[in-house]
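Okay, so here's the structure we're looking at.
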4 protein chains.
Amino acid sequence: MARKVNPIQDRQRRAGLEQAAYLAIFEQGYAGVTLSDIARQAGVSKGTLVYHFGSKEGLLAAVMRRFVRTIAVATRRALRQAVTPQAKLEAYVENQFYGLANTRRFYTVYLDFLAASTRDPALMQVQRAFVDETHRLDLALARLPGEAGADDRAWQLRAMVDGLSVRFLSDPDPDLERYRRLCLHGLTALLQLDERAG
Amino acid sequence: MARKVNPIQDRQRRAGLEQAAYLAIFEQGYAGVTLSDIARQAGVSKGTLVYHFGSKEGLLAAVMRRFVRTIAVATRRALRQAVTPQAKLEAYVENQFYGLANTRRFYTVYLDFLAASTRDPALMQVQRAFVDETHRLDLALARLPGEAGADDRAWQLRAMVDGLSVRFLSDPDPDLERYRRLCLHGLTALLQLDERAG
Amino acid sequence: MARKVNPIQDRQRRAGLEQAAYLAIFEQGYAGVTLSDIARQAGVSKGTLVYHFGSKEGLLAAVMRRFVRTIAVATRRALRQAVTPQAKLEAYVENQFYGLANTRRFYTVYLDFLAASTRDPALMQVQRAFVDETHRLDLALARLPGEAGADDRAWQLRAMVDGLSVRFLSDPDPDLERYRRLCLHGLTALLQLDERAG
Amino acid sequence: MARKVNPIQDRQRRAGLEQAAYLAIFEQGYAGVTLSDIARQAGVSKGTLVYHFGSKEGLLAAVMRRFVRTIAVATRRALRQAVTPQAKLEAYVENQFYGLANTRRFYTVYLDFLAASTRDPALMQVQRAFVDETHRLDLALARLPGEAGADDRAWQLRAMVDGLSVRFLSDPDPDLERYRRLCLHGLTALLQLDERAG
DNA sequence: GATGAATGAGTTTTCATTCAT
DNA sequence: AATGAATGAAAACTCATTCAT
């Protein structure tokens with residue numbers, strides 16, 4: 001007997017549980033979080049989590065799918081709202097480093113996710129889809145100064161963002177504005193070089 | 001009962017166990033590795049590990065200290081052997097992406113380490129010391145084109161390296177030579193831009 | 001809240017659910033079947049099962065009562081339809097080994113039931129009533145060759161049937177016709193011996 | 001690192017745990033027994049059971065292998081000690097119905113085992129090996145009155161034993177002597193008939 | 001110094017039962 | 001009457017740690 005559920009209600013229920021799980025993962029780590037942690041955070045019983053996601057593994061995978069989907073949507077919206085190339089670049093950076101707590105929470109979980117994906121084929125698939133999607137967005141940015149070498153530039157832009165984010169996490173007293181500046185200047189440098197070379 | 005040991009022999013013993021643990025961490029993950037995994041890899045009993053390191057936590061911390069020390073030593077040596085600025089840059093990149101299996105093993109463990117350090121104060125301390133040490137090396141590279149803005153450039157260089165490495169791990173069919181090229185060109189772009197701007 | 005039901009409709013409803021439960025028990029085992037299994041097989045919700053039978057235990061007991069009742073009815077009818085002693089014996093055997101799938105399903109569940117009854121007093125009561133009822137039928141068969149020792153013979157007849165059935169279940173490639181022959185010849189031997197002895 | 005154990009000590013340790021598990025299975029049922037039940041019966045922790053047998057499943061399989069091995073050994077010894085055909089038959093029956101508590105315990109567990117084996121391929125394999133082995137012994141008995149039809153007779157002998165044993169378990173006030181008599185007479189009848197027929 | 005048997009706290013998972021709708 | 005979301009008690013299993021040898 002297939003579960004006869006109201007699809008809308010079920011989706012909302014799951015979304016709430018996934019959000020609670022996201023916070024629990026931030027606090028306890030992807031590998032260290034327990035169903036008890038998540039259940040406590042969500043204010044439900046462990047059984048409820050298993051009921052909705054089949055297993056802990058299923059829940060964590062759902063959280064990560066939602067996580068990368070959310071990122072992609074936010075990035076796309078940021079780029080769409082800006083008009084000039086320079087404004088697009090700034091919106092892109094602002095989106096990556098948006099609020100201290102938010103940025104820390106975001107990259108902490110992302111780092112966990114990356115580490116976990118190196119051993120979990122299902123997570124690796126999610127990560128690869130995310131890489132592909134973000135690469136398409138990066139490519140649009142990289143094309144602005146000219147067509148030649150855009151693909152390489154796109155990978156370099158992303159590397160700058162990811163690399164600064166990793167550093168941000170072990171910065172004992174992070175100054176978000178500084179990371180924004182480092183990022184913006186770095187991206188600018190990467191784009192201008194290739195412009196001249198191309 | 002105080003351990004009375006020959007310090008030299010003891011150091012060698014521990015070094016061997018730490019190397020085995022490193023391989024076990026690569027295979028099972030920092031969070032997923034068990035004392036049994038490590039004992040199996042090292043060909044000793046679990047008791048031996050606890051005897052030498054006090055606890056699993058102590059062993060893992062020792063592994064990570066050795067890990068970052070090894071990296072720093074290799075980077076320093078690579079930079080010292082090269083003479084011209086351009087050669088230094090190339091040696092730096094070659095050192096970061098040295099051998100497919102090696103690079104994968106290396107960054108897989110590093111990513112695990114970074115993720116774990118966000119929640120473990122002792123590991124975070126190790127990570128911060130490592131960041132400081134590598135920053136000094138990066139700074140030497142960044143100074144080559146001129147003094148102004150060297151600190152910012154150093155962070156950007158490191159970000160490029162780290163960011164490309166992260167991407168490397170989720171690349172389904174990584175071409176090491178391409179990563180070397182992306183890295184070298186990226187670093188060159190970052191250095192030249194600031195040179196002009198400075 | 002007393003259940004107010006149409007007794008006829010209710011009996012039919014329960015009969016259908018019990019039949020579904022019987023099939024689920026065959027597939028999952030008496031001890032291994034879950035309410036979800038049964039609900040799926042019956043095409044209803046778990047709540048419906050509990051509503052009609054009070055609990056899982058009540059449902060299983062009802063299934064087993066129906067099960068032994070069905071067996072007794074079939075045996076009685078088989079014996080009634082045959083006229084001569086020889087024909088009665090053959091009808092008896094044919095009834096026990098009727099169809100490969102049917103025989104396997106039947107004895108698989110019966111074995112489960114027997115095993116469960118050794119620890120469940122309520123089931124043991126059902127099993128004892130069943131033993132008494134079948135013994136009366138066996139006694140009629142055993143009397144055919146003469147009165148003396150009929151009770152002993154009746155137990156032996158039943159033992160032959162049960163014993164061959166148990167073996168049937170672990171036969172990797174059972175030949176139903178062979179079991180019928182073994183059973184018929186075995187019963188004949190048991191009856192004739194005592195005939196001479198009596 | 002393969003477990004370096006003293007094989008003798010390890011075998012004795014396991015044997016003790018298996019015996020405790022056997023008693024726990026008798027009390028709680030094959031499907032109903034828990035690791036806690038067995039640990040309590042054995043006076044060890046649950047962890048110890050898993051340490052020695054890998055899993056609950058592994059432990060139960062070991063218990064059943066030991067169980068059927070013990071039966072086969074006892075039957076073989078009983079038959080070997082007796083000399084004349086009649087004495088062999090009596091020894092066989094005495095071995096099957098040896099002591100009230102013992103017989104009850106024995107068949108209760110055997111019935112559980114049979115029921116479980118219908119759904120567990122590993123157990124079914126154990127059961128089939130047991131059937132083959134006992135059939136060889138039964139065949140020796142069945143050959144005594146002559147070669148013709150010995151195979152059929154062997155199956156019938158075993159059926160009589162198994163069938164009476166099953167009945168024994170639901171007998172509210174079992175008289176062991178009576179079951180011995182029923183069994184001995186039944187077996188005699190089966191053997192004599194075929195002798196005449198052959 | 002080294003071992004590995006044993007432990008028990010902590011984890012995921014199962015599932016009969018409850019209950020609001 | 002019927003549903004199925006939610007629960008929580010109980011289950012199997014994991015594994016760092018202890019300790020007698």
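Just so it is clear: chains get the letters A, B, ... in the order the sequence lines come, proteins before strands, and each one is counted from 1.
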> To the nearest angstrom, how far is A/Phe53 atom CZ from E/dT14 atom P?
Replying inline: 16 Å

>> Rounding to an integer number of Å, can you tell me how far B/Leu59 CG sits from F/dT17 C1'?
In response: 14 Å

> Is there any side-chain hydrogen bond (donor to acceptor under 3.5 Å, both in side chains) pair reaching into residues 25-34 of chain C, and which pairs are they, with sequence neighbours excluded?
Replying inline: C/Thr34-C/Asp37

> Heavy-atom count around C/Arg128 CZ within 6.0 Å, excluding the residue itself: above 12?
Replying inline: yes

Polar pairs (N or O, both sides) under 3.5 Å between protein and nucleotides 9-11 of chain F?
none

>> Using the side chain to side chain donor-acceptor pair (under 3.5 Å) criterion, which residues pair with A/Arg66? Sequence neighbours excluded.
In response: A/Glu18

> What's the CG-C1' distance between B/Asp10 and E/dA2, to the nearest Å?
Replying inline: 14 Å

> Taking the C1' atom of each, how far is E/dG1 from F/dT21, in whole Å?
Replying inline: 13 Å

> Do any pairs count as a side-chain hydrogen bond (donor to acceptor under 3.5 Å, both in side chains) and have a residue in residues 111-122 of chain B, sequence neighbours left out, and if so which ones?
Replying inline: A/Asp112-B/Arg119, A/Arg119-B/Asp112

> To the nearest Å, how far apart are C/Tyr51 OH and E/dC19 P?
Replying inline: 16 Å

> Taking for each residue the nucleotide of DNA chain E bearing the nearest heavy atom, is the 5' side occupied by D/Leu17 or by A/Gly32?
Replying inline: D/Leu17

> Is there a side-chain contact (heavy atoms from CB on, under 4.5 Å) between D/Met64 and D/Ile25 once you walk through the steps?
Replying inline: CA-CA 10 Å; D/Met64 286 309 158; D/Ile25 290 172; 4.1 Å; yes

> Mind pulling the stems DNA chain E is in, i.e. runs of at least three Watson-Crick or G-U pairs, everything under 3.5 Å?
Replying inline: E:2-21 with F:2-21

> Got a sec, which residues hit side chain to side chain donor-acceptor pair (under 3.5 Å) with C/Ser170, two or more places apart in sequence or on another chain?
Replying inline: D/Gln127

> Is the distance from OP1 or OP2 of F/dA2 to the nearest side-chain N or O of C/Thr48 less than 4.0 Å?
Replying inline: no

For residues 39-49 of chain A, tabulate all N or O donor-acceptor pairs below 3.5 Å that involve a side-chain atom, not counting sequence neighbours.
unit_1  : atom_1 : unit_2  : atom_2 : d
A/Ser45 : OG     : A/Thr48 : N      : 3.3
A/Ser45 : OG     : A/Thr48 : OG1    : 3.1

> How many Å lie between CG on B/Leu60 and C1' on F/dC15, as a whole number?
Replying inline: 13 Å

>> Tell me which residues in residues 115-125 of chain C lie within less than 4.0 Å of DNA chain E, going by non-hydrogen atoms.
In response: none

> To the nearest Å, how far apart are C/Ile38 CD1 and E/dT17 P?
Replying inline: 11 Å

>> Please confirm whether the shortest side-chain N or O distance from C/Arg13 to OP1 or OP2 of F/dA1 is below 4.0 Å.
In response: no

> What residues, two or more places apart in sequence or in another chain, satisfy ring pair (Phe, Tyr, Trp, His ring centres under 6.0 Å) together with A/Phe113?
Replying inline: none

> Closest nucleotide of DNA chain F for A/Gly43 versus for C/Gln9: which of these residues is on the 5' side?
Replying inline: C/Gln9

> Rounded to whole angstroms, how far apart are CG on A/Asp37 and P on E/dG10?
Replying inline: 12 Å

> With B/Phe106, which of B/Thr70, B/Ile71, B/Leu111 fulfils side chain to side chain contact (heavy atoms under 4.5 Å, CB included)?
Replying inline: B/Ile71

>> Under the rule for side chain to side chain donor-acceptor pair (under 3.5 Å), what residues qualify as partners of A/Tyr22, not counting sequence neighbours?
In response: none

> Between E/dG8 atom P and D/Arg40 atom CZ, what is the distance in whole Å?
Replying inline: 15 Å

Tell me which donor-acceptor pairs under 3.5 Å the side chains of residues 53-61 of chain A have, and how far apart each pair is, sequence neighbours excluded?
unit_1  : atom_1 : unit_2  : atom_2 : d
A/Ser55 : OG     : A/Glu57 : N      : 3.4
A/Ser55 : OG     : A/Gly58 : N      : 3.1
A/Lys56 : NZ     : A/Val33 : O      : 2.9

>> For B/Val50 and A/Leu49, find the nucleotide of DNA chain F closest to each by heavy atoms; which residue's nucleotide sits nearer the 5' end?
In response: A/Leu49

>> Going by the rule ring pair (Phe, Tyr, Trp, His ring centres under 6.0 Å), which residues pair with D/Tyr110 if we only count those two or more places apart in sequence or in a different chain?
In response: D/Phe130

